[in-house]
Amino acid sequence: MQPNRYINLEHNSDRLEGHPWSLFLAPCLACLAAATCFSLMNPGSSMTQQFAMPQTQVVSPVATVYSQSQVFSSNPARRTVHLMAEQTPVINTAAPTSQNTSSWFTGPIALLALFPALALGVATAILRKAQPEPVAMMAVTCAEIDAKFPPLKNDNVLRAIRGQAVDRIPVWVMRQAGRYLPEYVDFTKDKEFFSRCQNPEVACTLTLQPFERYDLDAGIIFSDILVIPQALGLDVKMIKGQGPVFTTALRTVEQWSQVEKDLLARVGVTGVEEANQTEEVIKHAPELVEALSYVYDAITLTRTRLDGRAPLIGFCGSPWTLFVYACEAKKTKTYTECSRLIYTQPELVHRILKVMAHVCAQYLIRQVKAGAQMLQVFDSHANVLPPKQWGEFSLPYLNMIAEIVKQECPDITMIVLPKEAPFALEMLASSPYDMVSLDPTLDLKKSHSLMAAVGKGVQGNLSNTIMYASPEKVEELTKEYLAEAFGPGTTLPTRYIANLGSGMNPDMDPACLGAFVKAVHSFGAK
Ligand code: 1CP
């Protein structure tokens, strides 16, 4: 096996193509190296003291899945994460040791040698600015990434998605890390919502909390679908009692054009004609999603600490759902503005959705490379669109995401959740997704047969309102529900993951989730 083929490549390309300064610095460092050699040949030289840099010593050839910003982070907390997750330090920084000061003339000679290097560096940086190149990409298999982490001891979720035999029906639930858990409330009381997502240690702790209580078959990384709009430069805050609120609603061509310009400026591209702007942003999506390196770090750390107990799910929101949040700006019952826009300015909506889809795809690819073992795309606002419009404004972009992701990560499995849009199931039967997460309005048995016939699976879909019953009743209702769909338990179904139709609410009893998990696992038990 070729170890870490992709990661090595990205490591390098990140360095060379992501940051013009590194091109500027390269010739300077080369010159310094030459000057250092000169000084070594002249033991009395003062240069070793004047110009010697801290030595960067590559201890392990294992390329890091971390971004460069983290490797060279000045923040000790982030560096600690890096060391813990990698287990072997990748880069050591040693302090300069020479104290020799005997010669006075070699310093000026080295300075003279620096001038051509500086000129070369400036020229390269200017050229780099004029002709930016997108980050190179290469396919990566799950096995290559798996080799970096502890072996998986419970792969029932992955087996279920692939249609292989399972030891038990696998189960996890949405918002399994959330406010219904007293330990979540306690741990997060002094931490603003997005700061929890941005701190890999915190995100990891929250993701693992439900594993202390329940025998879950999958974890989902603690984050939020709204980190993408944030990474695109839109200002969104999570306000207690209101949910996500955008400072400015995204509704006009001028606003979106400015968003694109700002994104291009971030990767050093300016002066692009309006007509080419969107394509240019799409080309740079792999660099743009590096703004979310904290999510990748959280994934790497969490998968390491999960220690193979269960696979870790990476996720994102669908382009349509993200657009709805950005366009409406705050909670709405009527979805007036986004509905108006699809009928009055469909080109603008498609333009935004296309960029979102490319950014989401690159974001998911990076999550896989950081350690996510399967992916879920949440189309939580699918219900806002009538079936025909869903087929125009959501489905093509959901498919675009899965196609791009699978081109680069061919064996990653993907689930899509079209929330409260039962019509979407059939439309997704011919999509690249491996599984559809069902809402409670759909019949589990029929949906499972429909999808299994085309080599796909289903997830869900017990109404989360059963969690308001007693734990004993939850157990009884869950057993009844599974028996209705899959019979008395003489054979275990595959291509099925048990889940609720939607997430855990803050006022639900943690004991009820325990009862649900236990009842699912008891299906077919001898
Ligand atoms: O265990 C987990 O599921 C935690 C990780 C997670 C996930 C997968 C969170 C943390 N959010 C999400 C996805 C998410 N975020 C979705 C898709 C799932 C769904 O449809 O419910 C959506 C729509 C959001 C947006 C969001 N995040 C809202 C708005 C919901 C709405 O009605 O419009 C809100 C209130 C949040 C906050 C949030 N995100 C996550 C949690 C645990 C919370 C609650 C805040 C808290 O507990 O402190």
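We count ligands from 1, going down the list as the structure has it; atoms in each ligand are counted the same way. Computed from a predicted model, the values in this text were never measured in an experiment.
Using a 4.0 angstrom heavy-atom cutoff, Ile221 counts as in contact with ligand 1. Residue contact check for ligand 1: Ile225 places a non-hydrogen atom closer than 4.0 Å to it. Residue contacts with ligand 1 include Ser223, since one or more of its heavy atoms lies under 4.0 Å from the ligand. In this structure, Pro244 is part of the shell of residues with a heavy atom less than 4.0 angstrom from ligand 1. Taking a 4.0 Å cut-off on heavy atoms, Met504 fails to register as neighbouring ligand 1.
Protein heavy atom in closest approach to atom 34 (C) of ligand 1: Met238 SD, 3.9 Å. Atom 14 (C) of ligand 1 has as its closest protein heavy atom Arg175 NH2, 3.5 Å. Ranking the protein heavy atoms by distance from atom 1 (O) of ligand 1 puts Ala177 N, 2.9 Å first. Of all protein heavy atoms, the one lying nearest to atom 46 (C) of ligand 1 is Tyr184 OH, 3.2 Å. Considering only non-hydrogen protein atoms, atom 32 (O) of ligand 1 sits nearest to Lys331 NZ, 3.6 Å. At the top of the distance list for atom 18 (C) of ligand 1, counting protein heavy atoms only, stands Phe378 CD2, 3.4 Å. Looking from atom 11 (N) of ligand 1 to the surrounding protein, the closest heavy atom is Asp224 OD1, 3.1 Å. Annotation: atom 20 (O) of ligand 1 to nearest protein heavy atom, Ser380 OG, 2.7 Å.
Residue contacts with ligand 1: His381 is placed with no nitrogen or oxygen under 3.5 Å of a nitrogen or oxygen of the ligand (distance criterion only).
Taking each heavy atom of Val166 and Pro493 in turn, the nearest pair found is CG2-O, 3.6 Å.
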With side-chain hydrogen bond (donor to acceptor under 3.5 Å, both in side chains) as the test, would you mind laying out the steps for Trp172 and Gln176 before giving the verdict? CA-CA 7 Å; Trp172 68 279; Gln176 60 193 25; over 6 Å; no

